Amino acid sequence: MLRFVVRRLLLLLPILFGLSLLVFFWVRALPGSPAEGLLGERATPELIAAYRERYGLNEPVYKQYWSQLQSWSHADFGTSAASHRQVTDEIKDRFPATAELSLAALLFAVSLGIPLGFFAAKKYGGLVDHASLFISLIGISIPVFVLGIILKYVFSVRLGWLPGTGRIDVTLTVDHPTGFYVLDAILTRDWTTFKDVVKHLVLPAVALGSIPLAIIARITRAAVLDVQNEDYVRTARAKGLPPLTVDRRHVLRNAALPISTIIGLQVGLLLSGAVLTETIFSFPGIGRWLAEAIFNRDYSVLQGGILFVAFVFVFVNLIVDVVYALINPRIRVS
Amino acid sequence: MYPRSYSVPVRHPPGRISPERRDPISLAEAEVHEIQLDAPTGLWREAWRRIIRNPGALVGMVFIAALIVAAVFAPLIAPHDPLAQGLNDGLLRAENPSRDYLFGLDRLGRDQFSRVIFGARYTLLIGLVAVGIGLSAGLAIGAIAGFFGGWIDSILMRVMDVMLSIPGLLLAIGIAAMLGPGLTQVMIAVGVAQIPIFARLLRGSILAQLDNDFVLAARSVGVRRWSILFSHILPNSLSPVIVQATLVLATAIIDVAGLGFLGLGPQDPSTPEWGTMLTDSNEYLQVYPWLAIIPGLAIVVSVLGFNLIGDGLREALDPKFRGRA
């Protein structure tokens with residue numbers, strides 16, 4: 001197992017190297033020079049000259065790349081042209097929001113998608129099956145921002161059941177030791193805040209989780225259908241195991257392989273979807289920050305943000321692979 | 001193609017003799033008759049026959065046909081000029097749907113129905129251009145990597161891995177930021193972001209073909225490498241790519257509308273592009289919800305159409321489903 005993890009980590013190196021090259025040249029391909037790009041529109045000739053000197057932009061390209069790598073490895077992504085704050089500090093402030101939202105969306109998708117797919121396969125061709133196919137088809141066809149706008153209009157504007165903007169009620173002033181508001185509220189046993197924070201999460205999480213829900217339900221249905229007709233399932237039934245035990249021990253455990261892979265793949269969707277979802281619901285996470293950065297042409301934020309998100313994405317994929325190897329012995333051996 | 005199967009199952013298409021009708025001929029005779037009629041059919045002909053019997057795919061085709069009709073005949077269908085402002089008695093303000101203006105007027109008093117109809121042109125164009133870019137570049141890279149293998153394969157695939165390490169929409173955002181905002185730029189960005197998906201798919205598909213007997217046969221009689229690639233391997237590797245292309249059409253429409261929503265889309269605000277229209281009306285959601293809901297629904301219907309056709313194609317082209325109606 002350790003060998004598998006080490007090999008998988010080594011495979012990461014060329015990806016991270018390529019990623020750093022890609023982002024490095026991307027900044028240089030942005031309209032205007034990198035100094036102008038990273039400093040934003042308020043750049044004066046003196047500022048640009050100072051910046052070029054400071055970041056060694058007068059040096060040959062390979063030296064620039066090397067010093068860039070060094071500053072990146074110290075988590076230095078420069079300062080935001082819009083807020084004049086360190087990009088790293090902003091990421092620290094905003095990432096918990098996005099992580100919390102993505103986890104909530106994933107929780108919604110998994111806790112609804114797996115049972116839906118499972119019962120659809122059990123009642124193959126029945127009402128639940130058709131309903132699940134319909135839901136998953138609509139789910140993958142409705143863009144996050146359209147669903148977000150509809151949800152916001154119906155449940156926030158019209159019915160007024162749930163808040164449609166922000167992460168927490170502005171009148172609530174509480175401490176956030178971890179930055180994860182739900183966790184903070186539990187830690188401080190502040191149940192009013194807990195209720196408020198969860199309420200703020202519902203609509204964005206449902207909007208963001210809709211596509212993963214559809215995909216997970218689909219894959220679960222297909223996986224359960226596949227496994228159900230295997231010989232070992234028939235044997236288990238034939239020897240008189242109770243149906244629930246067969247489902248749990250033989251069907252679900254084997255269907256878990258494709259399902260876990262597909263859940264891992266949703267992380268990319270969640271991270272890209274967060275840009276749109278957070279914009280619609282004014283949710284103060286990485287996504288909305290990146291959307292604002294596009295609007296402000298705040299390239300150092302875009303550079304740091306894209307690098308960071310790609311890093312999270314690659315890292316989560318690594319974890320998914322390791323978990324996959326843990327539940328599937330065949331991978332470990334090969 | 002997949003190895004052609006001649007064990008064609010018995011089917012009873014409408015209009016033909018079916019045993020249930022108790023015609024004077026025996027069941028065996030009826031079956032013989034049909035097997036002769038159905039005998040060797042090409043993959044595509046059979047796929048077509050299967051897809052037109054798939055109700056989902058049919059619904060998808062109706063949606064896409066409607067989209068194409070709207071795009072082609074937009075000037076004839078649209079009751080008003082999509083750019084004409086102040087239809088609301090010369091006032092530049094929005095209005096809810098009425099008998100005169102089916103979908104209402106937008107905040108500049110433009111007819112929303114006409115704008116949605118003209119928007120179909122952009123959506124079709126966006127989908128086709130983005131998929132065209134992703135498909136052609138992806139096919140070239142995938143074919144070269146899969147066919148030549150070795151270090152060329154390794155380098156190309158590592159580059160694809162790097163592109164895939166940035167979540168799709170963010171990659172498109174990065175490319176769009178590099179190219180500057182605008183509809184063409186956004187289409188290119190979304191297309192480029194699809195390249196690694198097609199490249200990987202085709203590479204895998206080609207690798208699966210390389211060991212086939214017919215490739216070995218062609219090689220052993222001395223057919224040239226390029227010739228093997230173009231006339232033996234590629235045609236047999238394409239069906240998963242075609243399915244993917246249909247599904248990517250759907251994703252491309254969503255992504256372009258999403259980038260439009262983020263303000264990277266057409267910079268001329270009069271362009272009746274659905275994603276941009278949605279952004280415009282988002283601010284008026286409380287008072288004029290239809291202005292946002294209708295372009296949103298238009299996007300959903302076109303995306304749903306391509307997804308339904310893609311799913312139908314997947315089933316029709318999958319050898320596992322061959323022979324089943």
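All chains are named by letter (A, B, ...) in the order of the sequence lines, taking the proteins before the strands, and each is independently numbered beginning at 1. Keep in mind that what you see is a predicted model, and the values were worked out from it rather than measured.
- Between A/Phe95 and A/Phe308, the distance from one ring center to the other falls under 6.0 angstrom.
- Only the side chain of A/Leu22 comes within contact range of chain B, with at least one heavy atom under 4.5 Å from a heavy atom of that chain.
- With a 4.5 angstrom heavy-atom cutoff, B/Asp255 does not touch chain A via any of its atoms.
- Interface remark: B/Ala172 contributes no atoms to any contact with chain A (heavy atom separation under 4.5 Å).
- Rounded to the nearest 0.5 Å, atoms CG (B/Leu249) and OG (B/Ser302) are 10.5 Å apart.
- Residue contact with chain B, scored on non-hydrogen atoms closer than 4.5 Å, involves the backbone and the side chain of A/Tyr153 alike.
- Both the backbone and the side chain of A/Ile140 have a heavy atom closer than 4.5 Å to some heavy atom of chain B.
- For B/Leu304, the parts sitting under 4.5 Å from any heavy atom of chain A are the backbone and the side chain alike.
- Residue with the most contacts toward chain A among B/Thr251, B/Val300, B/Leu278: B/Val300 (heavy-atom pairs, distance under 4.5 Å).
- Two residues are said to be in side-chain contact when any heavy atoms from C-beta on lie closer than 4.5 Å; A/Phe283 and A/Thr277 fail this criterion.
- Side-chain contact between A/Arg288 and A/Ser282: present, with at least one pair of heavy atoms (C-beta onward) separated by less than 4.5 Å.
- The local environment of CG in A/Leu127 is sparse, with at most 12 non-hydrogen atoms from other residues, nucleotides or ligands closer than 6.0 Å.
- The candidate from A/Val314, A/Ile149, A/Ile142 with the greatest count of non-hydrogen atom pairs under 4.5 Å with chain B is A/Ile149.
- Side-chain contact between B/Phe261 and A/Val144 is absent, with no heavy-atom pair separated by less than 4.5 Å.
- Residue A/Leu19 touches chain B through both its backbone and its side chain, counting heavy-atom pairs closer than 4.5 Å.
- Taking 4.5 Å as the limit, every side-chain heavy atom of B/Ile173 sits out of range of all side-chain heavy atoms of A/Leu290.
- Neither the backbone nor the side chain of B/Leu179 comes within contact range of chain A, judged by heavy atoms closer than 4.5 Å.
- Heavy-atom distances place the side chain of B/Ala292, and not its backbone, under 4.5 Å from chain A.
- Your options are A/Arg158, A/Lys152, A/Arg218, and the one with the most heavy-atom pairs under 4.5 Å with chain B is A/Arg218.
- Side-chain atoms of A/Thr220 and A/Val224, non-hydrogen and from C-beta on, do get closer than 4.5 Å to each other.
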